[in-house]
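Proteins come first, then strands; the chains are lettered A, B, ... in the order of their sequence lines, and each starts at number 1.
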Amino acid sequence: MPKNPYALAVSAVRRAVLNAYEEAVVRGELPAGAPEDFDVSEPRDKGHGDLAANFAMVWAKALKLNPRKVAEIIVADIDNGDFIEKLEIAGPGFVNITLTSAWYGQTLTAIDEAKADYGKSDYGHGKRVQVEFVSANPTGPMHLGNARGGVLGDVLSSIFQWTGFYCEREFYLNDTGNQVDLLGKSMESRFFELLGDEVSYPFPEDGYHGDDVKEHAKAYIELHGDSLKDAPEAERRTKLRDFALERNIARMKEDLARYRIVHDVWFKESSLYGEGGAVDIALADMKKNDAVYEADGALWFAATKFGSEKDEVLRKGTGFYTYYMGDIAYHYNKFVIRGFDTVIDIWGADHHGHAIRFASAMRAIGLEPTRLKFILMQLVRLVRGGEIVRMSKRTGKAVSLSDLLDEIPVDAARFFFCSRQNDTQMDFDLDIAVKEDSDNPVYYVQYAHARICSILRNLLAEGIAPKPAAEVDFTKLTAPEELELIKHLAKLPQELIMAADSLDPSRMTKYVMETAATFHKFYNACRVRGEEQSVMDARLKLCELTAQVLRNVLTIINITCPDRM
RNA sequence: GCGCCCAUAGCUCAGCUGGAUAGAGUGUUUGGCUACGAACCAAAAGGUCACAGGUUCGAGUCCUGUUGGGCGCGCCA
C-alpha cells in the first residue's frame, strides 16, 4: 500500500509528544491525567512551521498549569526522532514543528514508488459502499441537477475506491408508478395523432409535451406499424410505455457515457414488487416490528413510533404501493439482500423532507439509520452574460445535460460541478465555462501538467531523464517554494481520506488547483535546466512527481490530462 | 405555522470540522520573458465574516434569537 507521508509526520509528532509527557510524569515534572487527544496539523500561517501542535493549551486546564510552561517542559525533553528538525514554542502555547529533510526525501521516494497508485490507502478496509446517483426520471431528458449529481456521485465513488472501500455506482430506475403510466398515456395519444385520430385519446393535461415523446411514437409506428390500434387499452399503453422507456434509458446511458459516467448497476424499481419481492419481505419485517397498521382503507407506517412526526401511507386505498414503500424496500434490498455496509444517496435538495423521514423507516426494518447518508444538492442556475438562463434556446424547454455538453467541454463541466460543496447553491457561468483560457480553472490545472511535460521533453531531448528516487539527493531541495510543493504533494492520501469522510468531492478540485498553483510558484522561483547537476536532478524529479500527482487527481475527477495544449 | 439548507472582499468562492494577523480567483492599478511553456508569477488595493447575545484560554467555525434568500411539509414520485 502506498505511504501516507503527511499522516506519518503527524503520528511521529504525536508519539514523540506523548512519550515526552509520560517521562515528564515519571520524573514528577508534570501531573498525570492529561487527555490524549490534541491536534497536530498544518498551521494556517506558513511562518509557523510545517506542523503545529496545541497539546499545551489543551492540557493546561486539566493540569492546572500555564500552557507555555507545559510546552517548555515537553519541548525540553522530547526525542526528535527521524522527522522532527526542531520545535518552537509560540504565541499562547502552540508548538511549531519543522520537519527534517529526511521526511521530505521520504515523501518524494514514496510517490516515486507508488506512481499511479500514490494517494491510495486501505482506510476503508474493504467496507462495502454503494453510491446511488443521478437516478433521473426515465420520462424525459436529464437536467442540470442530474449533471451536478452525476459528477458528485462519480467522483465520490472514485474517492471511496482510492481509499480502500469496495464501491458500486448505482442508478435507481423509476420504471413504474404514476409518472411512467403518464408516459404511456402520452405515447398513446401521440400514437393515435400520428395515425390521424386526434379525438379518441386526447393528450393528458399533465402529460409529457416534449418532442421526444412524439419521436418515440413515430419510431414505434415505423418499426411495428399500427397494429396496437385495436389492441386492448392496457396492453397498448404498456407496450408503448415500455418502448418509450427503453429508448429514454438508452439515451440516458449515451448522455452519461458522453459525460464519462458509467453506472455498475441500473436497478429497476419494478423488480421490487411482485411475489416474494423486496416489498413483501420488507413489509413482513415491518409487521414483525409492529410498524404497520390499516386505516381508511390504506396500509400505514406507524412512523411516529420510530421517531417521525407523522405516520405515512405505504399502500394506497387503490391497492398500489406508494413510492415511500418502494424506497423502503429498495433500501432493504441494498442493506439486507445485497449487504452494503454504507449507502450514499445523492438527491436534489427538494427531497430533504424525505431524507429526514427516512430515518424512521430504517429503524422499522431494523437498520441503523446512520448507515444511510444523504447528499442533498442545492439548485444549479445557468448564467450567461450576467443573466439567468432558464430555457434552452434550441428546445425552449429546461436546459438538459446534453444541451450543456453541446455547449461546453466535458472537462470543464465536470471540473466545475465538482468544484463547489454540494450544499451550496451554485451559479454555472457559461461565459467562463466555455472559455478555453486561464479564467477557466480547469485549464489552469491542465496547463501546469502540460508545462511539466514540456520541461521533461526538452531535457530528454538533451539526453537528461529523471533518475530513480534512490539516486537523487533530495537534500538539494531547500528553497521555500520547493519545500511547499513537496509538503503539498505529501498530503494527497490524507486529503482523499478526508474527502471520503466528509463525502466532499470538491476537496479534490481544490487540492489539484492548489497543486497547480504551488507548482507554478516553484517554476517561477527555481530553474531546472542549466543548474548544477545534483540540483537539476532533484528538481527534475520533483517536476516529474508533481506531474504524477496531477495525473492521479485528474484521474479521480476523470478529466483529461494533456501533455500539450 | 413547522422543518431543512444558505449568508465571508464589487463578483464567484475557500477557510483543514474551535486556533495565531480571515485567504484564493476574477475585476481595478503596477512590475516581471534574448533563460526550461507569460494559459504563468510577484506587488498594491479591497472586510463590522448578515445582525444581537451566549459558551471558553481562543468563535467566520458551536448554542439561542432576529433579519434576508432557497427548498420542503400529498393515499405525488
S.K.: Looking only at side-chain atoms of A/D296, point me to the closest of B/rC36, B/rC71, B/rC75.
M.R.: B/rC75

S.K.: Quantified in whole Å, what is the P atom distance between nucleotide B/rA24 and nucleotide B/rA14?
M.R.: 16 Å

S.K.: Using whole Å, what does the distance between atom P of nucleotide B/rG3 and atom CZ of A/F374 come to?
M.R.: 20 Å

S.K.: So, does A/K316 get its side chain near the phosphate of B/rG74, meaning an N or O under 4.0 Å from OP1 or OP2?
M.R.: no

S.K.: In the strands shown, is B/rA7 matched to any nucleotide by a Watson-Crick or G-U wobble pair with both distances under 3.5 Å, and which?
M.R.: B/rU67

S.K.: Side chain of A/P43 only, please: which of B/rA20, B/rG72, B/rG37 is the nearest?
M.R.: B/rA20

S.K.: In whole Å, what separates the P atom of B/rU12 from that of B/rG74?
M.R.: 34 Å

S.K.: Can A/F94 be called stacked on B/rA20 when the rule is centres closer than 5.5 Å and an angle between planes below 30°?
M.R.: yes

S.K.: Nearest whole angstrom, please: distance from the P of B/rC36 to the CZ of A/R539.
M.R.: 15 Å

S.K.: Name the residue from A/F358, A/F267, A/Y324, A/Y172 that meets the ring-ring contact (aromatic ring centres under 6.0 Å, His included) definition with A/H331.
M.R.: A/F358

S.K.: Of the listed nucleotides (B/rA20, B/rA77, B/rG19), which one gets closest to any side-chain atom of A/M57?
M.R.: B/rG19

S.K.: Base, sugar-phosphate alone, or nothing: which one does A/G177 contact when heavy atoms must sit under 4.0 Å apart?
M.R.: nothing

S.K.: Look at the side chain of A/Y444 and decide which nucleotide, out of B/rC36, B/rA77, B/rC40, has an atom nearest to it.
M.R.: B/rC40

S.K.: Would you indicate what A/A298 reaches in the nucleic acid, counting non-hydrogen atoms under 4.0 angstrom: base, sugar-phosphate, or nothing?
M.R.: base

S.K.: For B/rU17, measure the glycosidic angle (O4'-C1'-N9-C4 for a purine, O4'-C1'-N1-C2 for a pyrimidine) and name it syn if it falls within 90° of 0, otherwise anti.
M.R.: syn

S.K.: My understanding is that a pair needs two contacts under 3.5 Å, Watson-Crick or G-U wobble. By that rule, which nucleotide pairs with B/rA44?
M.R.: B/rU28

S.K.: Below 4.0 angstrom from OP1 or OP2 of B/rA42, is there any side-chain N or O of A/K521?
M.R.: yes

S.K.: Regarding A/R451 and the six-membered ring of A/F519, is the cationic atom NZ or CZ under 6.0 Å from the ring centre and inside 45° of its axis?
M.R.: no

S.K.: Give one of base, sugar-phosphate or nothing for A/N96, where a contact means two heavy atoms less than 4.0 Å apart.
M.R.: base

S.K.: If you check the A/Y447 side chain, which of B/rG15, B/rG37, B/rC71 turns out closest?
M.R.: B/rG37

S.K.: Base, sugar-phosphate, or nothing for A/Y523, non-hydrogen atoms under 4.0 angstrom?
M.R.: base

S.K.: Considering only the P atoms, how many Å lie between B/rA77 and B/rU64, rounded to the nearest integer?
M.R.: 35 Å

S.K.: Output yes if the stacking criterion (under 5.5 Å between centres, under 30° between planes) is met for A/H352 over the base of B/rG72, else no.
M.R.: no

S.K.: Looking at A/D181 and A/R241, is any side-chain nitrogen of the basic one under 4.0 Å from a carboxylate oxygen of the acidic one?
M.R.: yes

S.K.: For A/A90, report the nucleic acid contact type (base, sugar-phosphate, nothing); a contact means any heavy atom under 4.0 Å.
M.R.: base

S.K.: From the set B/rC41, B/rA77, B/rC75, return the single nucleotide nearest to any side-chain atom of A/N524.
M.R.: B/rC41

S.K.: So for atom CD, which belongs to A/E532, do other residues, nucleotides or ligands contribute more than 12 heavy atoms lying within a distance under 6.0 Å?
M.R.: yes

S.K.: Categorize A/M513 for me: base, sugar-phosphate, or nothing, with a 4.0 angstrom heavy-atom threshold over every strand shown.
M.R.: nothing

S.K.: Let me know, please, whether A/Q378 or A/G91 comes out on the 5' side of the other along RNA chain B by nearest nucleotide.
M.R.: A/Q378

S.K.: Examine the side chains of A/D537 and A/Q533 and answer whether a donor and an acceptor come within less than 3.5 Å of each other.
M.R.: yes

S.K.: Expressed as a whole number of angstroms, how long is the span from A/N54:CG to B/rU56:C1'?
M.R.: 14 Å

S.K.: Quick one: is A/Y172 getting a side-chain N or O under 4.0 Å of the B/rA77 phosphate, OP1 or OP2?
M.R.: no

S.K.: What contact category does A/H520 fall into here, base, sugar-phosphate, or nothing, at under 4.0 angstrom with non-hydrogen atoms?
M.R.: sugar-phosphate

S.K.: Rounded to the nearest angstrom, tell me the gap between atom CE in A/M377 and atom P in B/rC5.
M.R.: 17 Å

S.K.: A/R564 has a side chain; which of B/rA42, B/rG37, B/rC75 sits nearest to it?
M.R.: B/rG37

S.K.: For the C1' atoms, the ones on B/rG60 and on B/rG47, what distance do you get once it is rounded to whole angstrom?
M.R.: 12 Å

S.K.: Which nucleotide in the list B/rC16, B/rC40, B/rU12 gets nearest to the side chain of A/R420?
M.R.: B/rU12

S.K.: Can you tell me if the side-chain N/O atoms of A/R507 get under 4.0 Å from OP1 or OP2 in B/rA14?
M.R.: no

S.K.: Would the number of heavy atoms belonging to other residues, nucleotides or ligands and lying under 6.0 Å from NZ of A/K316 be above 12?
M.R.: yes

S.K.: Across the strands shown, which category fits A/A60 at heavy-atom distances under 4.0 angstrom: base, sugar-phosphate, nothing?
M.R.: nothing

S.K.: NA contact type, A/S454, heavy-atom cut-off 4.0 Å: base, sugar-phosphate, or nothing?
M.R.: base

S.K.: Please give, in whole Å, the distance from B/rA39 P to A/Q446 CD?
M.R.: 15 Å

S.K.: Roughly, in whole Å, what's the span from CD1 in A/I452 to P in B/rG37?
M.R.: 12 Å

S.K.: Taking the C1' atom of each, how far is B/rC4 from B/rC40, in whole Å?
M.R.: 44 Å

S.K.: Is the number of heavy atoms from other residues, nucleotides or ligands under 6.0 Å of A/K510 NZ greater than 12?
M.R.: yes

S.K.: Students often get this wrong, so: under 4.0 angstrom with heavy atoms, is A/D563 touching a base, only sugar-phosphate, or nothing?
M.R.: base

S.K.: Does A/K521 pair with A/E484 as a salt bridge, N-O distance under 4.0 Å?
M.R.: no

S.K.: P atom, B/rC49 versus B/rA22: distance in rounded Å?
M.R.: 10 Å

S.K.: Which nucleotide, in any strand shown, forms a Watson-Crick or G-U wobble pair with B/rU56, with both distances under 3.5 Å?
M.R.: none

S.K.: Using whole Å, report how far CZ of A/R68 lies from P of B/rC57.
M.R.: 18 Å

S.K.: Looking at B/rG18, which nucleotide sits across from it as a Watson-Crick or G-U wobble partner, both distances under 3.5 angstrom, or is there none?
M.R.: none

S.K.: For the CZ atom on A/F320, are there more than 12 heavy atoms of other groups (residues, nucleotides or ligands in this structure) within a distance under 6.0 Å?
M.R.: no

S.K.: Could you check how far CE of A/M325 sits from P of B/rG74, rounded to whole Å?
M.R.: 20 Å

S.K.: What integer number of Å spans the P atoms of B/rC63 and B/rG18?
M.R.: 10 Å

S.K.: Is it true that A/E462 and A/R529 make a salt bridge, defined as a side-chain N closer than 4.0 Å to a carboxylate O?
M.R.: yes

S.K.: A/R44 has a side chain; which of B/rC75, B/rG60, B/rA42 sits nearest to it?
M.R.: B/rG60

S.K.: Heavy atoms only, 4.0 Å cut-off, all strands: where does A/A450 land among base, sugar-phosphate and nothing?
M.R.: base

S.K.: Using atom P of each nucleotide, how far apart are B/rC76 and B/rG69 to the nearest Å?
M.R.: 32 Å

S.K.: Pick the nucleotide of RNA chain B nearest each of A/Q179 and A/A53; which residue has the one closer to the 5' end?
M.R.: A/A53

S.K.: At under 4.0 Å between heavy atoms, what does A/Q421 touch on the DNA or RNA strands: base, sugar-phosphate, or nothing?
M.R.: sugar-phosphate

S.K.: Indicate, with a heavy-atom threshold strictly under 4.0 Å, whether A/S502 touches base, sugar-phosphate, or nothing.
M.R.: base

